[in-house]
Undergrad: 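Dropping the structure in here first, questions after.
Values below: every heavy atom of this structure, side chains too, minus hydrogens, waters and symmetry copies. Given the structure is predicted, the values throughout are model-derived calculations rather than measurements.
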Amino acid sequence: MGDDLAGELADFCVGTTTALVPADVLDKAKLCLTDFLSAALVPSDESRIALRALGNPRAGTALVLGAAAGAPAPAAAYLTSVPAAATGRTDTHVESSSHPGMVVFSALLALAGQHEVSGGRVLSAAVVGYEVMCRLGSAMITSEVAATFRPTGVLGPVAAAAACAHLLALDEAATRAALGMAANAACGLNHWARAATQEHVLHSATAARTDVESALLAAAGLTASGGAVDGEAGLLAAFGARDRAHRLAGGPGFAIRDIVHKPAPACIYVQGPCQLAEEIGRRHRPDPARVESVRIGLAEQAVRYPGCDNSGPISDVVAAQLSVQFSVASVLASGGILDRNWRTRPIPRRTGSLPAPGWSRTPG
């Protein structure tokens, strides 16, 4: 790694072209875009509230997806991200427990609606954004960090600012400024997962709006310190990660290849257990009424993530989407991974046909 990490990131953002991106990576970017659209176009209570409170159809020309409304690009990015986040099904980088698509594509599509850019440019910008988010997550996110901070809110601003800077073809200096501005907005607290409240949908939305604003301000000439990412008082330092800064450097690894897509509209940490439960149901067809207990082994990061170790009572959808115990029980009881498992009113603990599952804290 050189002495100027922000410069290396800016060079990567500026120098990446569609011609340099392997065909399978572009195909994965298309898949991620399709996955994002499938979530962003689903109406939700959160998206209706956000649009009613913040939307203004006459305020701009950028499209708010699924709303038949226009808004300035930053607001459009925000309002587009909310419904995607509310589904609980957006794509995931497992190592960092983050969801790049609902930040990166919300920002890119809002900007693309107001600028003449090709579809290929949108895809290469997405590859840049995902790469920066995954690298930054590898450096910054530990189980201790994720227990308090929402990785998507922390990583999303810098990552999608990189994508937006690429989309607008900003030069190195302006790209550094965009990254520096966005780093100042990195935040997202995880207490929502303990309280089962709705503010988590705003983490990606706030990041997407910040990214568009940062890129537009940098394009207009506003400056910001590149050290806001890796300097002594920068983002990495704030999270005690400067000694891992080297993970952000080097040639493109095309980390978008590592992105996974969720079969269940729920937390990433319930996906594996739910798929195993579905397979058990398919092979053995257990009678839920005869199941006395279920023992689940998970890695430490999953056990420590707020809301995942919750045996009930489960009284709302947000808590159900996070609870490993509830999610596994719902799959066994229903016979499969079905959206309605998490969309109808959850069954409180020790009622209904399936006893409350047991829980193991042993990593596995």
Side-chain angles (χ1 to χ4, degrees), residues 35 38-39 42-46 83-92 94 97 99 143 146-147 190-198 200-201 260-364:
D35 180 79
S38 74
V42 176
S44 65
D45 289 342
E46 294 91 340
T87 65
R89 186 179 257 127
T90 51
D91 62 18
T92 304
V94 176
S97 305
H99 309 289
S143 59
N190 256 342
H191 200 77
W192 67 275
R194 301 183 186 281
T197 47
Q198 295 172 300
H200 66 291
V201 304
V260 300
H261 302 278
K262 300 177 180 179
C267 176
I268 185 60
Y269 292 124
V270 315
Q271 305 297 320
C274 282
Q275 290 176 70
L276 289 173
E278 185 176 55
E279 183 64 20
I280 289 170
R282 183 182 297 115
R283 290 188 179 187
H284 304 289
R285 300 185 181 279
D287 179 359
R290 300 181 62 188
V291 176
E292 295 183 358
S293 66
V294 177
R295 191 172 183 84
I296 306 168
L298 289 174
E300 179 185 2
Q301 186 164 337
V303 175
R304 294 186 63 175
Y305 198 82
C308 287
D309 181 3
N310 181 7
S311 59
I314 304 295
S315 59
D316 56 71
V317 170
V318 174
Q321 290 175 319
L322 287 162
S323 170
V324 177
Q325 293 98 315
F326 173 86
S327 296
V328 168
S330 72
V331 172
L332 290 173
S334 67
I337 297 174
L338 309 171
D339 276 10
R340 67 171 182 264
N341 294 357
W342 293 269
R343 292 303 176 194
T344 54
R345 184 172 178 81
I347 301 172
R349 187 182 185 185
R350 301 197 184 284
T351 63
S353 60
L354 184 67
W359 176 250
S360 169
R361 289 185 178 276
T362 304

Undergrad: Could you pull out all residues at least two apart from Ala319 that satisfy side chain to side chain contact (heavy atoms under 4.5 Å, CB included)?
TA: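 Ala196, Asn310, Ile314, Asp316.
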
Undergrad: Looking at residues at least two apart in the chain, or sitting in another chain, which of them share a side chain to side chain contact (heavy atoms under 4.5 Å, CB included) with Leu276?
TA: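 Per chain and number, Leu276 pairs via side chain to side chain contact (heavy atoms under 4.5 Å, CB included) with no residue.
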
Undergrad: List the residues meeting side chain to side chain donor-acceptor pair (under 3.5 Å) with Gln301, not counting sequence neighbours, and say none if there are none.
TA: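 Gln301: side chain to side chain donor-acceptor pair (under 3.5 Å) contacts with Ser97, Tyr269.
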
Undergrad: I want to check something: taking the side chain as every heavy atom from C-beta on, are Lys262 and Val270 in contact at a cut-off of under 4.5 Å?
TA: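 With C-beta onward as the side chain, the pair stays apart.
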
Undergrad: List for me each residue that meets side chain to side chain donor-acceptor pair (under 3.5 Å) alongside Ser38, sequence neighbours excluded, and say none if there are none.
TA: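 If we apply the side chain to side chain donor-acceptor pair (under 3.5 Å) test to Ser38, skipping adjacent residues, there are no hits.
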
Undergrad: Does anything in residues 272-293 form a ring pair (Phe, Tyr, Trp, His ring centres under 6.0 Å)? List the pairs, not counting sequence neighbours.
TA: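 Of all non-adjacent pairs touching residues 272-293, none passes ring pair (Phe, Tyr, Trp, His ring centres under 6.0 Å).
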
Undergrad: Look up atom NE2 in His200 and atom CG in Asn190, then write down how far apart they are to the nearest 0.5 Å.
TA: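 Answer for the NE2-CG pair, His200 versus Asn190, is 10.5 Å.
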
Undergrad: Roughly how far, to the nearest 0.5 Å, is the CZ atom of Arg285 from the CD1 atom of Ile280?
TA: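 Taking CD1 in Ile280 and CZ in Arg285, the distance rounds to 14.0 Å.
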
Undergrad: Do the side chains of Asn341 and Leu338 get nearer than 4.5 Å, heavy atoms only?
TA: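 Side chain of Leu338 against side chain of Asn341, heavy atoms only: contact under 4.5 Å found.
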
Undergrad: Would you please name every residue forming a side chain to side chain donor-acceptor pair (under 3.5 Å) with Glu279, sequence neighbours left out?
TA: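 Once residues adjacent in sequence are excluded, the partners of Glu279 under the side chain to side chain donor-acceptor pair (under 3.5 Å) criterion are Arg282, Arg283.
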
Undergrad: Over all heavy atoms of both residues, which pair between Ala320 and Ser327 is shortest? Give the atoms and the distance, please.
TA: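 Looks like O-OG, 3.2 Å.
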
Undergrad: Can you give me the closest heavy-atom contact between Val318 and Thr197, atom names plus distance?
TA: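 In terms of heavy atoms, the two residues are closest at CG1-O, 3.8 Å.
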
Undergrad: Given Asp45 and Gln198, is the side-chain hydrogen bond (donor to acceptor under 3.5 Å, both in side chains) satisfied, shown in steps?
TA: CA-CA 10 Å; Asp45 289 342; Gln198 295 172 300; 5.6 Å; no

Undergrad: For Pro265, enumerate each residue passing the side chain to side chain contact (heavy atoms under 4.5 Å, CB included) test, keeping only those at least two apart in sequence or located in another chain.
TA: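 Applying side chain to side chain contact (heavy atoms under 4.5 Å, CB included) to Pro265 gives Arg89, Asp339, Trp342, Arg343.
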
Undergrad: When rounded to the nearest 0.5 angstrom, what distance separates OG1 in Thr90 from CD1 in Ile268?
TA: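 Here the interatomic distance stands at 9.5 Å.
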
Undergrad: Kindly give the heavy-atom pair with the smallest separation between Cys308 and Cys267, and that separation in Å.
TA: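 That would be SG-SG, 3.8 Å.
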
Undergrad: Taking Ala84's backbone N and O only, do any of them form a donor-acceptor pair with Thr87's side chain (distance below 3.5 Å, no angle check)?
TA: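 Yes, the answer is positive, given that a donor and an acceptor are paired below the 3.5 Å cut-off.
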
Undergrad: Shortest non-hydrogen contact from Ala147 to Arg194?
TA: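 Here Ala147 and Arg194 meet closest at O-NH2, 3.8 Å.
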
Undergrad: Using the rule given for side-chain contact (heavy atoms from CB on, under 4.5 Å), can you reason through Trp192 versus Leu322, listing the C-alpha separation, both sets of side-chain angles and the distance that settles it, and then say yes or no?
TA: CA-CA 11 Å; Trp192 67 275; Leu322 287 162; 3.7 Å; yes

Undergrad: Taking only residues two or more places apart in sequence, or in another chain, which ones meet Thr92 in a side chain to side chain donor-acceptor pair (under 3.5 Å)?
TA: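 Expected list: His99.
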
Undergrad: Who passes side chain to side chain contact (heavy atoms under 4.5 Å, CB included) against Pro263, sequence neighbours left out?
TA: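 Checked Pro263 against side chain to side chain contact (heavy atoms under 4.5 Å, CB included); matches are Gln271, Gln275, Ile337.
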
